[in-house]
2 protein chains.
Amino acid sequence: MQALSKTTIYAIRALIYMLNNQQTNQYINIRDISNDLDISFHFLTKILQSLTKQGLLSSYRGATGGIAISKNPQNIRLIDLIYILEGNDFFDKCLLGLPGCGTLEPCPAHEIWSVAKDDLKMKFENASILDLKNLKGRITNESLELATA
Amino acid sequence: MQALSKTTIYAIRALIYMLNNQQTNQYINIRDISNDLDISFHFLTKILQSLTKQGLLSSYRGATGGIAISKNPQNIRLIDLIYILEGNDFFDKCLLGLPGCGTLEPCPAHEIWSVAKDDLKMKFENASILDLKNLKGRITNESLELATA
DNA sequence: TTATTTTAAGACTTCAATATCTTAAAGATG
DNA sequence: CATCTTTAAGATATTGAAGTCTTAAAATAA
Ligand code: FES
Ligand code: FES
């Protein structure tokens, strides 16, 4: 089950990477992120641009430029990234693809699905990008490195 | 959040429709299903074909032909449809798109996601197509008709 | 200033899911 | 038989997400 689009996935991984690698008051090079995480540079740039526009990141052009997290990472929740990148209706979709889940007459799967959705929504509300960083898991395709406990 | 593909969605809706409309020992016309549910006839035909190949449906060609549910609908679970139409790895996907969820070193979101996945998996294991039929919800785009309680 | 580096922005391409179209095969009907 | 209906099967088309390419703008550095 592909819950999130590549766009959101790349954003999450990039932000965790930035938390792991940032020095104080220093911009991080997008090229480095894309290289280390094996993500298309231009695609990642566009994703991060939208986060910059939303005020989560700040960017700086030129030779020593890059991007930096400009918001308290404890206040950057997964659900915030989802709403920005997937849209505010992310949790309003009917399991059977019918219009008006929660507002029109429910479909037969509504009871099951709405509970599961609320559950997941809550998890995404309670997980900040800092939380994920502290959980210290794998964010690259490589399975070599073990978690540093 | 689009959990299921259109393929699976159409299959579920068609099966519920069939339970609602079937007479004993009678084949149901795919054209009727596609008309009433507003689903592309050829697309739906192909989906139902794969269910026929898997033994869930039986089909009959020619003038009075159509399809019929050939398996006890109480034993057709949502998870069975998912495995057939989405693949057996449906619940093995990493939230961050990384390979080897559950087998390789977990990603930072694994704890959250694996629990949510297991939860949903259980719900899909416990819901048969007959259960959904009995829940009597909307399976078309139209919001006119109310559930017949 | 001129050249280099880096993000910004938009056009373009690719790919898989979705949808449509065409023909074949099987059965019914007269 | 000839004709019609319906599912089967495969080719083709459309669409949106994902990915690539090109140029612009901003900043550094020689
Ligand atoms: S109406 Fe279908 S899941 Fe809510
Ligand atoms: S490894 Fe990422 S969710 Fe399991």
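Below, read A as the first sequence line, B as the second, and so on, with proteins coming before strands; counting in each chain starts at 1.
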May I ask you to check whether over 12 heavy atoms, not counting those of Glu111(A), lie within 6.0 Å of atom CD? no
Atom NZ of Lys6(A) to atom P of dA17(C): distance rounded to whole Å? 12 Å
Answer yes or no: does a side-chain N or O of Ser59(B) lie under 4.0 Å from OP1 or OP2 of dT6(D)? no
Between CG of Leu4(B) and C1' of dT18(C) the distance, given in whole Å, is 15 Å
How about Leu51(B) and Ile84(B): do any of their side-chain heavy atoms sit closer than 4.5 Å? yes
When rounded to whole Å, the CG to P distance for the pair Leu37(B) and dA19(C) reads 13 Å
Trace of the side-chain hydrogen bond (donor to acceptor under 3.5 Å, both in side chains) decision for Thr8(B) with Glu86(B): CA-CA 7 Å; Thr8(B) 304; Glu86(B) 310 265 354; 2.6 Å; yes
Of Lys123(A), Lys117(A), Glu125(A), which is the lone residue that meets side chain to side chain contact (heavy atoms under 4.5 Å, CB included) with Lys121(A)? Glu125(A)
Taking for each residue the nucleotide of DNA chain D with the nearest heavy atom, is it His42(A) or Tyr60(B) whose nucleotide lies nearer the 5' end? Tyr60(B)
Write down the distance between CZ (Phe41(B)) and P (dT5(D)), rounded to a whole number of angstrom. 13 Å
To the nearest Å, give me how far apart CD1 (Ile67(A)) and P (dT7(C)) are. 7 Å
Side-chain contact check for Thr7(A): nearest option of dA18(D), dT6(D), dA26(D) is dA18(D)
Would you say dG19(D) has OP1 or OP2 under 4.0 Å from some side-chain N or O of Tyr10(A)? yes
Could you label the plane-to-plane angle of the Phe91(A) and Phe124(A) rings as parallel, tilted or perpendicular, counting under 30° as parallel and over 60° as perpendicular? tilted
Taking for each residue the nucleotide of DNA chain D bearing the nearest heavy atom, is the 5' side occupied by Gln2(A) or by Thr64(A)? Gln2(A)
What is the distance, rounded to the nearest whole Å, between atom CD1 of Ile30(A) and atom P of dA27(D)? 15 Å
Are Tyr27(B) and dG27(C) close enough that a side-chain N or O sits under 4.0 Å from OP1 or OP2? no
Can you tell me if Asp119(A) uses its side chain to pair, donor with acceptor, with the backbone of Val115(A) under 3.5 Å? no
Short side-chain N/O contact to dA18(D) OP1/OP2 from Ser40(A), under 4.0 Å: no
Taking the minimum atom-to-atom distance to the side chain of Asn29(A), which one of dT18(C), dA25(C), dT7(C) wins? dT7(C)
Tell me, which of residues 43-58 of chain A have any heavy atom that sits under 4.0 Å from an atom in DNA chain C? Lys46(A), Gln49(A), Lys53(A)
What is the distance, to the nearest angstrom, from the CD1 atom on Ile28(B) to the P atom on dT7(D)? 11 Å
What is the separation between atom CG on Asp32(A) and atom P on dT6(C), rounded to the nearest whole Å? 8 Å
Centres of the Tyr10(B) and Phe43(B) rings: under 6.0 Å? yes
